[in-house]
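Note that these values count all heavy atoms, side chains included, but never hydrogens, waters or copies made by symmetry.
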Amino acid sequence: MAQIRKICCIGAGYVGGPTCSVIAQMCPEIAVTVVDVNEDRIKAWNSENLPIFEPGLQEVVESCRGVNLFFSTDIDAAIVDADLIFISVNTPTKTFGIGKGRAADLKYIEACARRIADLASGFKIVIEKSTVPVRASESIRRILTANTKCSLSFQVLSNPEFLAEGTAIADLKNPDRVLIGGDETPEGQQAIKTLSSIYEHWVPKNKIITTNTWSSELSKLAANAFLAQRISSINSISALCEVTGADVGEVAHAIGTDCRIGNKFLKASVGFGGSCFQKDVLNLVYLCEALNLPEVANYWQQVIEINNYQRRRFAARIIGSLFNTVTDKKIALLGFSFKKDTGDTRESSSIYISKYLMDEGAHLHIFDPKVKKEQVIQDLSHPSISEDDPDRVLRLVTVCADPYEACNKAHALVISTEWDMFK
């Protein structure tokens, strides 16, 4: 079994940074280097103010940064030195071309594979950590094979993350499972054992699941699709409750006490957000369409449709409660991140609720304890939100420093993120 002494992680975002910080803390004999092309992000990782907020992350980073955990923009040197390379770059939904609005854009994955092929020598274990469509590792393998020098040999593994933002450090230190997929060849199984040995520093062996590569990739998409489905399911029931007089909280409790169902992800809300759920469900929809499974694709598309419906319905209820007009009225919006205990705003329902209210001419006063003003303005100025009128954000949006300022003399108070301080 290969001895791992140096790890490189390409991508210093919400997955790569926390994951490799915990690996460094739990494996003090391994040098872990996290690299990124974004100089400002790397500077933040090396500072007192980390680029992302996650409970417990600061303490983990400070315990090993500069000892066996390093953050750098020198990607080439890290690739050359590493025994094991995590690819943890963004895989956004395509905004153009074939698969627009559904398929994952793999250009950053491809760029990483080509860079590794160009620079690496010796034996490398390359691991896709990013959320990718099924058979993406085959693409990585083909790129490496086509460009490989005689001095380079490799194995490609799938090791998807199952982190929930807000509890990522706890999830990493005490995971429900660690999933590793690889080739069913002797070399592939040896690579799986090598990666497993790293996780075995702190994860019990019975929690480490090994599969073939395709099962690992599909398991990640399916897991997020099932979680998103539960949220859309209870949100659909919340609409029914509101017109029948039932209490959705009581209904959710009654459902959740059935051990076959369980009580997780049965809290009605304004819809799911974050970087994974919508992207992964849409990716699953596109995969089903591409494989000529239209009925399956339509089934999963409805999870997205209900989520969008819930956002529109929530905004409509706000407008309806204010005599069907919010024009020039002050609306206090508390919470802008997609969930509590994170500063991540990607696909946050607050963005879409803000859009619908701005469409009606409301003046929004927004407060979130972890989202910076610049991020709020950037999200609301996106062409899909600002309706090609970014100046309306300057006219209609005020980002406040505290919740009391936001609520002062407001016509309505909207709690869109379940931060504990709002309870």
Please tell me whether [X] and [Y] have a donor and an acceptor in their side chains that are separated by less than 3.5 angstrom.
X    : Y    : answer
Y14  : E54  : no
N235 : Y309 : no
S238 : R313 : yes
N212 : S215 : yes
Q378 : E374 : no
T345 : D379 : yes
Y299 : Q229 : yes

Problem - Chi angles and distances behind the salt bridge (Lys or Arg N to Asp or Glu O under 4.0 Å) call for D344, K339 - result: CA-CA 8 Å; D344 192 354; K339 63 185 288 190; over 6 Å; no
Practice task
Report the C-alpha separation of I79 and D81 in whole Å, then their side-chain angles, then the decisive distance to 0.1 Å, and conclude whether the side-chain contact (heavy atoms from CB on, under 4.5 Å) test is met.
Solution key: CA-CA 6 Å; I79 290 174; D81 291 343; over 6 Å; no
Practice task
Give the C-alpha distance, both sets of side-chain angles, the deciding distance and a yes or no for side-chain contact (heavy atoms from CB on, under 4.5 Å) between S354 and I351.
Solution key: CA-CA 5 Å; S354 297; I351 296 173; 5.8 Å; no
Do [X] and [Y] touch side chain to side chain, with heavy atoms closer than 4.5 Å?
X    : Y    : value
Y352 : N307 : no
F336 : K370 : no
I198 : L84  : yes
C241 : I237 : yes
L334 : V414 : no
I208 : V203 : yes
L218 : L284 : yes

Just wondering, more than 12 heavy atoms not from [X] lying within 6.0 Å of its [atom1]?
X    : atom1 : value
Y356 : OH    : yes
E29  : CD    : yes
K207 : NZ    : yes
H201 : NE2   : yes
K6   : NZ    : no

Practice task
Look at the aromatic rings of F265 and F277 and report parallel, tilted or perpendicular, splitting at 30° and 60°.
Solution key: tilted
Practice task
Anything under 30° is parallel, anything over 60° is perpendicular, the rest tilted; go ahead and classify W419 against F53.
Solution key: tilted
Practice task
Look up atom CD1 in I85 and atom CD1 in I7, then write down how far apart they are to the nearest 0.5 Å.
Solution key: 11.0 Å
Handout entry: Atom pair CD/CD of Q301 and E289 - distance to nearest 0.5 Å
Key = 7.5 Å
Do you know the tightest heavy-atom contact between [X] and [Y]?
X    : Y    : result
A228 : V281 : CB-CG2, 3.9 Å
G361 : L396 : O-CD2, 4.1 Å
C112 : I10  : SG-CG2, 3.6 Å
K340 : T417 : N-CG2, 3.6 Å
K173 : V22  : CG-CG1, 4.2 Å
E128 : S137 : OE1-N, 3.3 Å

Exercise for the section: Report yes or no: is the cationic atom of K124 (NZ for Lys, CZ for Arg) closer than 6.0 Å to the six-membered ring centre of F154, at no more than 45° off its axis? Expected result: no
Handout entry: Aromatic contact, W300 with F226 (centres under 6.0 Å)
Key = yes
Handout entry: Candidate list T73, N46, D36, test side chain to side chain donor-acceptor pair (under 3.5 Å), partner R41, passing option
Key = D36
Problem - From D105, T91, N224, residue fulfilling side chain to side chain donor-acceptor pair (under 3.5 Å) relative to K279 - result: T91
Please list, one pair per line, the donor and acceptor atoms closer than 3.5 Å that link side chains of residues 160-170 to other protein atoms, with sequence neighbours excluded.
unit_1	atom_1	unit_2	atom_2	d
E161	OE1	L163	N	2.9
E161	OE2	K220	NZ	3.3
E165	OE1	T342	OG1	2.9
T167	OG1	A164	O	3.2
T167	OG1	D171	OD2	3.1

Practice task
Applying salt bridge (Lys or Arg N to Asp or Glu O under 4.0 Å), run through R392 and D389 and close with a yes or a no.
Solution key: CA-CA 6 Å; R392 81 170 184 174; D389 179 18; 5.5 Å; no
Exercise for the section: Check step by step if salt bridge (Lys or Arg N to Asp or Glu O under 4.0 Å) holds for K267 and E418. Expected result: CA-CA 11 Å; K267 186 176 181 180; E418 74 282 20; over 6 Å; no
Practice task
Apply the test salt bridge (Lys or Arg N to Asp or Glu O under 4.0 Å) to residues E138 and R142: give CA-CA distance (whole Å), side-chain angles for both, the deciding distance (0.1 Å), then the verdict.
Solution key: CA-CA 6 Å; E138 179 64 26; R142 287 171 59 191; 5.1 Å; no
In residues 319-326, what donor-acceptor pairs under 3.5 Å come from side-chain atoms, sequence neighbours left out?
unit_1	atom_1	unit_2	atom_2	d
S321	OG	R317	O	3.4
S321	OG	I318	O	2.7
T325	OG1	T327	N	3.4

